[in-house]
Amino acid sequence: MSLTESSAIDIAKAAASASRNLAILSEADRNDALTSLHDALLKNKDTILEANARDLQVANRNVDDGSLSHSVLKRLDLSRAGKYDDMLQGILSVRNLNDPIGKVSLKTLLDDGLVLEKVTCPIGVLLIIFEARPEVIANIAALSIKSGNAAILKGGKESTESFVTIAKVISEAITNTRVPLSSIQLVKTRAAVSDLLAQDSLIDLVIPRGSNDLVKFVKEHTKIPVLGHADGLCSAYIHLDADPDIATKVIVDSKTDYPAACNSLETLLIHQHILKSILPLVARALIAKGVLLRCDASSKAALMESLTPTEVEMLQDASDADYETEFLDLTLAVKTIPSQSPIADVEAAITHINSHSSKHTDIIVTESEEAANLFTKGVDSAGVFWNASTRFADGMRYGFGTEVGISTNKIHSRGPVGLDGLTIYKYLIRGNGHRAGDYFEGEGGKKYKHQDLQVL
């Protein structure tokens, strides 16, 4: 990794050159680089955490004066329980995954001696723009190197001390491997971003990780394909036949395990018939964790009858805007799904989610396989779960090692983007002097066999 203040075009050219060299490196060479990366970050843990502490000092002052949100502060903190160790483990997990390059997914015998293959290959050059989250540097470096892609990174000013220190450590680690130093470049100046977004002939994909405003800015200022999500507006629907214990466990975990994450729960849809049975159980468990509930009239009325006066203090009236808000905090919007019929009620929940969701991750809690199948097919999101927490929407938890981000796109890659999401494919043909002009209808023309061959 190199810290650079070069011009945007020089940065992009260096990355393009490095990507071509990376694409032909052996898996062993790429894995060796990840081992060096892990060992260097482990060795320099104290130095990196000291730099992160300096960022946190500034960030805390900014939170106090209202210029920075608590959710960004939480994302910035590398010392949070297990976070640094998870970053290190993510590198090893990526290293131990199968090589994503050169995988054959289709093999066709066009004719004798003429074989077509569809083979995975790196995308090329990635531009990753992120806010807070200094561990993103290590995550992306690992995924990029393993997948044979070069990466240009620009972090937010709130994590400057952290990412500069991490960049220096990674740079020293890569220097002693066969991975080109310019494979991972860290851009320090904010002014370079707009110029980099104009390098559509050299940069192949932009991945923004951060606020809604950041993602919108990127999409509006580049011709380069953008992979990312603006909001993590995750919803849960508790159906009338839900198991109370499962509902409580899943909803509480979805909301409180890490409220500042994009896969935390923001809206709870509750069936009308269980407003006085399951909802109070779930509400008490949420309130015990400090969650403020913004309720519609029906759900609030039911809870007013069931909760203690102290618990009732955690209830507020919901507005329409609450059902389209990513709180990233201990606040949850609650809405009632009126009773019509079991299937119509699931469809009503689907309609609400598809109308308000950011297409990140949404869940249903039900004992009915029919209702679950309807929900999972009908909800148009990157992740749709049955009786499981939204917090499982994560590259590490999916077994991807780590991720470069979450995609709510409906092309190429969707959900947590790991190694497979950073590869594309090319078509290879192996022949022996074959000519396309020899294949035609009529006398003397050759015919294609188009025979599927086994992919090993």
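- Heavy atoms of other residues, nucleotides or ligands lying less than 6.0 angstrom from OH of Y425 number 12 at most.
- Heavy-atom minimum distance, S381 versus H360: CB-O, 3.9 Å.
- Salt-bridge check for D86 with R397: failed, with every basic side-chain N at 4.0 Å or more from each acidic carboxylate O.
- In the displayed structure, K13 atom NZ is contacted under 6.0 Å by at most 12 heavy atoms of other residues, nucleotides or ligands.
- Shortest non-hydrogen contact noted between A141 and I170 is CB-CD1, 4.4 Å.
- With T108 contributing its side chain and L116 its backbone, the two residues share no donor-acceptor pair below 3.5 Å.
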Trace of the side-chain hydrogen bond (donor to acceptor under 3.5 Å, both in side chains) decision for D10 with S7: CA-CA 5 Å; D10 287 339; S7 68; 3.1 Å; yes
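- Sparse packing is recorded around CG of N432, with 12 or fewer heavy atoms of other residues, nucleotides or ligands lying under 6.0 Å away.
- Around the CG atom of N98, the shell of radius 6.0 Å holds no more than 12 heavy atoms that belong to other residues, nucleotides or ligands.
- Shown here is R178, whose CZ atom has no more than 12 heavy atoms of other residues, nucleotides or ligands within 6.0 Å.
- Using a distance-only test at 3.5 Å, with no hydrogens or angles considered, a donor-acceptor pair links the side chain of N149 to the main chain of L422.
- For the 3.5 Å distance criterion, the side chains of T331 and D329 fail to qualify, holding no donor opposite an acceptor.
- Considering only heavy atoms from C-beta on, K255 comes within 4.5 Å of E266 through its side chain.
- At distances below 3.5 Å, not a single donor-acceptor pair connects side-chain atoms of T267 with backbone N or O atoms of S235.
- Among all heavy-atom pairs drawn from I251 and A236, the shortest one is CD1-CB, 3.6 Å.
- Residues N354 and V379 have side chains in contact (heavy-atom distance under 4.5 Å, counting atoms from C-beta outward).
- Scanning for ring-ring contact (aromatic ring centres under 6.0 Å, His included) contacts around H221 gives F217, with sequence neighbours left out.
- Contact check for V193 versus V187: no side-chain heavy atoms found under the 4.5 Å cut-off.
- By the neighbour-count criterion of 12 heavy atoms within 6.0 Å, atom CZ of R430 is sparsely surrounded, having that number or fewer from other residues, nucleotides or ligands.
- When the ring-ring contact (aromatic ring centres under 6.0 Å, His included) test is applied to F440, no partner is found at least two apart in sequence or on another chain.
- Residues L293 and L286 are in side-chain contact: their nearest non-hydrogen atoms beyond the backbone lie under 4.5 Å apart.
- Side-chain contact check for D39 versus K43: every heavy-atom pair is 4.5 Å or farther apart.
- The two residues V94 and A142 have their closest heavy-atom pair at CG1-O, 3.8 Å.
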Throw together a table of side-chain donor-acceptor distances under 3.5 angstrom for residues 198-205, partners on residues two or more places apart or in other chains.
residue: Q199; atom: NE2; partner: D195; partner atom: O; Å: 3.1
residue: D204; atom: OD2; partner: V125; partner atom: N; Å: 2.8

E326/C262 under side chain to side chain contact (heavy atoms under 4.5 Å, CB included): CA gap, chis, key distance, verdict: CA-CA 8 Å; E326 184 183 26; C262 63; 4.2 Å; yes
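- Looking at L227 and S413, their side chains come closer than 4.5 Å, going by heavy atoms from C-beta outward.
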Test salt bridge (charged side-chain N to carboxylate O under 4.0 Å, His left out) applied to D55 and R75, step by step: CA-CA 12 Å; D55 283 330; R75 292 174 177 179; over 6 Å; no
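- N139 is not listed as a side-chain neighbour of E403, based on a closest heavy-atom distance of 4.5 Å or more.
- A donor-acceptor pair is defined here as one N or O able to donate and one able to accept, closer than 3.5 Å; such a pair exists between the side chain of S69 and the backbone of V72.
- Looking only at atom types and distance, the side chain of N409 has no donor-acceptor partner in the side chain of K359 under 3.5 Å away.
- Within 6.0 Å of atom OH in Y258, more than 12 heavy atoms from other residues, nucleotides or ligands are found, so the atom counts as buried in its surroundings.
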Derivation of the side chain to side chain contact (heavy atoms under 4.5 Å, CB included) call for N52 and L76: CA-CA 8 Å; N52 185 241; L76 177 62; 4.2 Å; yes
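- Between D253 and K289 no salt bridge is recorded (no basic side-chain N to carboxylate O distance below 4.0 Å).
- If you check the side chains of N263 and T390, you find no donor sitting under 3.5 Å from an acceptor.
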Chi angles and distances behind the side chain to side chain contact (heavy atoms under 4.5 Å, CB included) call for F327, L332: CA-CA 8 Å; F327 298 108; L332 181 66; 6.0 Å; no
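- The backbone N or O of P259 lies less than 3.5 Å from a partner atom in the side chain of S264, making a donor-acceptor pair.
- The two atoms that bring S144 and I184 nearest to each other are CB-CD1, 4.0 Å, heavy atoms only.
- Nearest approach of T177 to S36, heavy atoms of both residues: CG2-OG, 3.7 Å.
- Residue K74 qualifies as enclosed at atom NZ: its count of foreign heavy atoms under 6.0 Å is above 12.
- Distance CG/N31 to CZ/R95: 7.0 Å, rounded to 0.5 Å.
- Classified by interplanar angle (parallel below 30°, tilted 30° to 60°, perpendicular above 60°), the ring pair H352/Y323 is perpendicular.
- Of the inter-residue distances, the one linking R209 atom CZ with L214 atom CG reads 11.5 Å to the nearest 0.5 angstrom.
- Of the possible polar contacts, one joining the S67 side chain to the N62 backbone as a donor-acceptor pair under 3.5 Å is found.
- Electrostatic pairing of R30 and D99 counts as a salt bridge here, judged by a charged N lying under 4.0 Å from a carboxylate O.
- If you take CD1 on I364 and CG on L269, they are separated by 10.0 Å, rounding to the nearest 0.5 Å.
- In this structure, Y237 and H239 have tilted ring planes: the angle between them lies in the 30° to 60° band.
- In this structure, the side chains of S254 and S389 come closer than 4.5 Å at one or more pairs of heavy atoms.
- Between the side chains of S26 and D29, at least one donor N or O sits under 3.5 Å from an acceptor N or O.
- Panel note: side chain S19, backbone A16; a donor-acceptor pair is recorded below 3.5 Å.
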Check against side chain to side chain contact (heavy atoms under 4.5 Å, CB included), T256 and L330: CA-CA 7 Å; T256 68; L330 291 173; 4.2 Å; yes
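- In this pair, F130 and F163 present their aromatic rings perpendicular. The plane angle is above 60°, beyond the 30 to 60° band.
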